[in-house]
Amino acid sequence: MKSLLHKLNPQQRKAAITVDGPLLVLSGAGTGKTTTVVNRIAYMIGQGINPEHILAVTFTNKAAREMNERVKKMIGKHAQKMQVSTFHSLGLRILRENYERAGYNKYFTIYDTADQLAVIRKALRSISAAWKKYKPDDVLYTLQRLRKPHDESIDLKYENEFDGELYSTVWKKYRETLKNNNAVDYEDLLVLPLRLFKKYPDILKSYQNIFKYIIVDEYQDTNAVQFEFIKLLANKYKNICAVGDDDQSIYGWRGAEVKNILDFDKHFKNAAVIRLEENYRSTGNILKAANAVISANKNRKPKKLWTRMGDGNRIQLFAAIDEMAEAEFVVSEIIIHQIENKMSFGSYAILLRMNTQARPFEDVLRARNIPYVVVGGMKFYDRKEIRDFLSYLKSLANPDDDEALLRIINVPKRGIGNSTVKLLGEHAAIKNCGLFQAISTIHENSTVKPNTLAELNNFYNMMTDAKEKLKREPIAMVARNLWAEVNYIKELESSFNDPKKIAGRMENIDAMIDSIQYYENREKKSSLNGFLQQVSLNEEDDDEEFKKGKVAIMTVHSAKGLEFRNVFFAGVEQGIIPHNKSLATASGEDEERRLFYVAVTRAKSNLTLCYCKSRTKFGQKIEKIPSMFIDEIPENLLAETDGIDTKIADDDVADDLLNQFSAMFAE
DNA sequence: CGCCAATTATTTTTT
DNA sequence: ATAATTGGCG
């Protein structure tokens, strides 16, 4: 164990062995933060601390996975017993272990943003003054900002009176709906455990005694609730290690408060503070560019990141005609570079500001037979057919989930239209039960036509049968049979003519069923609810093996904490980064600059910035100009390029060459 | 009452 | 380009 610590620099080592009491590690990008944390954990276990008492909290699943893997590599199976999880999955665990005292039943559903929006939309619609005037998106965002952790009201002191009243009403309806549907939203996963901690000292005490040593990664991204949660949890033993970097705070829009990290030593008395400033990741030019840009931000702790490495290559800058040309350029560069340097495709990353930029890159990579993976993206679960499929499962698992039921009660069309649904709703209100339950007694309502009644009963029986089968048969099997019975292909045929498209959508469902099977094989205590909750948190560990040797496409947010030998940052345009929508708030520009900083500091050796001169938005071509942040990079660090043509004079020759290479990669 | 076609809004980032 | 929503037809 000692030999391992020798590889650390003095500050890192100090951070690794300062185990007792509060500790703040201010670690700039690429200063070996994860290495330090992993060594710290190894050291703790070496000192005889039971891994079960160690909790490491991260923000994203990627970060949790990465840490888990590195700890495992270093310490082996023994480490499995420690808890590495995101805030939200930790909250879910606590909620699952205490659901009755939190006021929910065992089968609660987690609502994602789309579910939340559906509820908000409905609430808005029921208020005549609000319909059309307020966008559900904005209302949800505002409500989340105004939400108070310790009671069910919202904080209206910043809103004007009319809006305030409206927000209160919508919020009330929103909470009622979730409660009735036995559903929680993402924030509830943090808020409810926090309330449990406050209300039931025995619960708090039991978790305090489990998690005696706490490490919080990316501490600059904690919001008020997370801060309070961690503070309570650490309050007994005070062994809290916060790791973070104020320059990488990119979750302000989600309520993250940089002051949590800036004031750490005020909140935790006698905290030790350690700074990590030697960068081991990037070459000099990349680091200089990053430093130059981030220094334009006010309100930051000054730091002096430095490296022993040489300057390395200059930062490439490429101006593309449009987004297709941008993708073509990036992929050609990857191919040429890969052939010349024989690097794994896994050492390349394409970073984006938004998920929607990924499409052209996927198309070109696929056309050129380059293995790639879209990380996060999350788009898969947003596909209509997947949401439909999951809604069937959600409705099975939690019959109170009216949102799920409404989504699928007439998909595919089975003659249960809007007015029937409305009747059903009224009937449910009279019976004071969920919509699904209401179907069983809807015959009492004589206005329902016999045909409709038969359809309703068919549906009810189909779902009830599946629910029965769930008690005996594997989940995947029940799901597959239910899906066949539903005859979903009918729905697809009504919206698409292209048989390929239809087959593709059905394959997506197959993949989903496969992942249920995978979940069942892996989990000792598998349940449909467990699977769905995991899906809601995006937790399924799509195995790292799968990603190996593939070009990674992801947003900058997803890339935080990761590093790549070669980074292409695409869409570096005004309006994308900084994003138009972010410039509305005062702190917006600074956060976008930090985002740019995070993107740049992912690169180890080669960094290429790309922007388009024009881009298609909503089917319309619009002119674009380069991002202001490019101007903030000293010119001597940049090298403009024309792409493959610079290296190979003839355009056609270059194209031929690329085609040859692409053929090589096919197999 | 249910279904289809025309109209309209949608794209920030994650859990 | 595409998804969601609304109004009119069968």
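What you see is a predicted model, and the numbers here were worked out from it, not measured in a lab.
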The test is salt bridge (charged side-chain N to carboxylate O under 4.0 Å, His left out); show your working for A:D247 and A:R594 and say whether it passes.
CA-CA 6 Å; A:D247 284 335; A:R594 291 193 291 267; over 6 Å; no
Between [N] and [X], is there an OP1 or OP2 to side-chain N/O distance shorter than 4.0 Å?
X	N	answer
A:T452	B:dC1	no
A:T113	B:dT15	no
A:S558	B:dT14	yes
A:N61	B:dT15	yes

Base, sugar-phosphate, or nothing: which does A:F59 touch, judged by heavy atoms less than 4.0 Å apart?
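Counting heavy atoms under 4.0 Å across all strands, the contact made by A:F59 is with sugar-phosphate only.
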Are the side chain of A:D115 and the backbone of A:D112 linked by a donor-acceptor contact shorter than 3.5 Å?
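Yes, A:D115 side chain to A:D112 backbone: donor-acceptor pair under 3.5 Å.
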What N/O pairs connect the protein and nucleotides 7-12 of chain B at under 3.5 Å? Give each pair on its own line.
| from | atom 1 | to | atom 2 | distance (Å) |
| --- | --- | --- | --- | --- |
| B:dT11 | OP2 | A:D137 | OD2 | 3.0 |
| B:dT12 | OP1 | A:K581 | NZ | 3.1 |
| B:dT12 | OP2 | A:K581 | NZ | 3.2 |
| B:dT12 | O4' | A:H579 | NE2 | 3.4 |
| B:dT12 | O2 | A:R353 | NH1 | 2.9 |
| B:dT12 | O2 | A:R353 | NH2 | 2.0 |

Every protein N/O lying under 3.5 Å from an N/O of nucleotides 3-5 of chain B:
| from | atom 1 | to | atom 2 | distance (Å) |
| --- | --- | --- | --- | --- |
| B:dC3 | OP2 | A:N410 | ND2 | 3.4 |

Write down the distance between [atom1] ([X]) and [atom2] ([N]), rounded to a whole number of angstrom.
X	N	atom1	atom2	answer
A:M554	B:dT14	CE	P	11 Å
A:E385	C:dT2	CD	P	14 Å
A:R593	B:dT13	CZ	P	21 Å
A:D112	B:dT14	CG	P	13 Å
A:Y141	B:dT14	OH	P	15 Å
A:K560	B:dT15	NZ	C1'	13 Å
A:Q144	B:dT14	CD	C1'	11 Å
A:N445	B:dC1	CG	P	11 Å

Would you indicate whether the side-chain heavy atoms of A:F436 and A:Y460 approach each other to under 4.5 Å?
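Side-chain contact under 4.5 Å: yes.
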A:M512 versus A:N508: any side-chain heavy-atom pair under 4.5 Å?
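Not in contact.
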Would you please indicate yes or no on a ring centroid separation below 6.0 angstrom for A:F108 and A:Y99?
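Ring centres of A:F108 and A:Y99 not closer than 6.0 Å.
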Determine, using ring centers only, whether A:H88 and A:F59 are less than 6.0 Å apart.
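Between A:F59 and A:H88, the centre distance exceeds or equals 6.0 Å.
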What's the spacing between A:F568 CZ and A:C610 SG if we round to 0.5 Å?
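A:F568 CZ to A:C610 SG: 7.0 Å, rounded to 0.5 Å.
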Nearest 0.5 angstrom please: A:S558 OG to A:N355 CG, how far?
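It comes to 6.5 Å.
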Residues that A:E592 engages under salt bridge (Lys or Arg N to Asp or Glu O under 4.0 Å), provided they are two or more places apart:
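Here the qualifying residues are A:R353.
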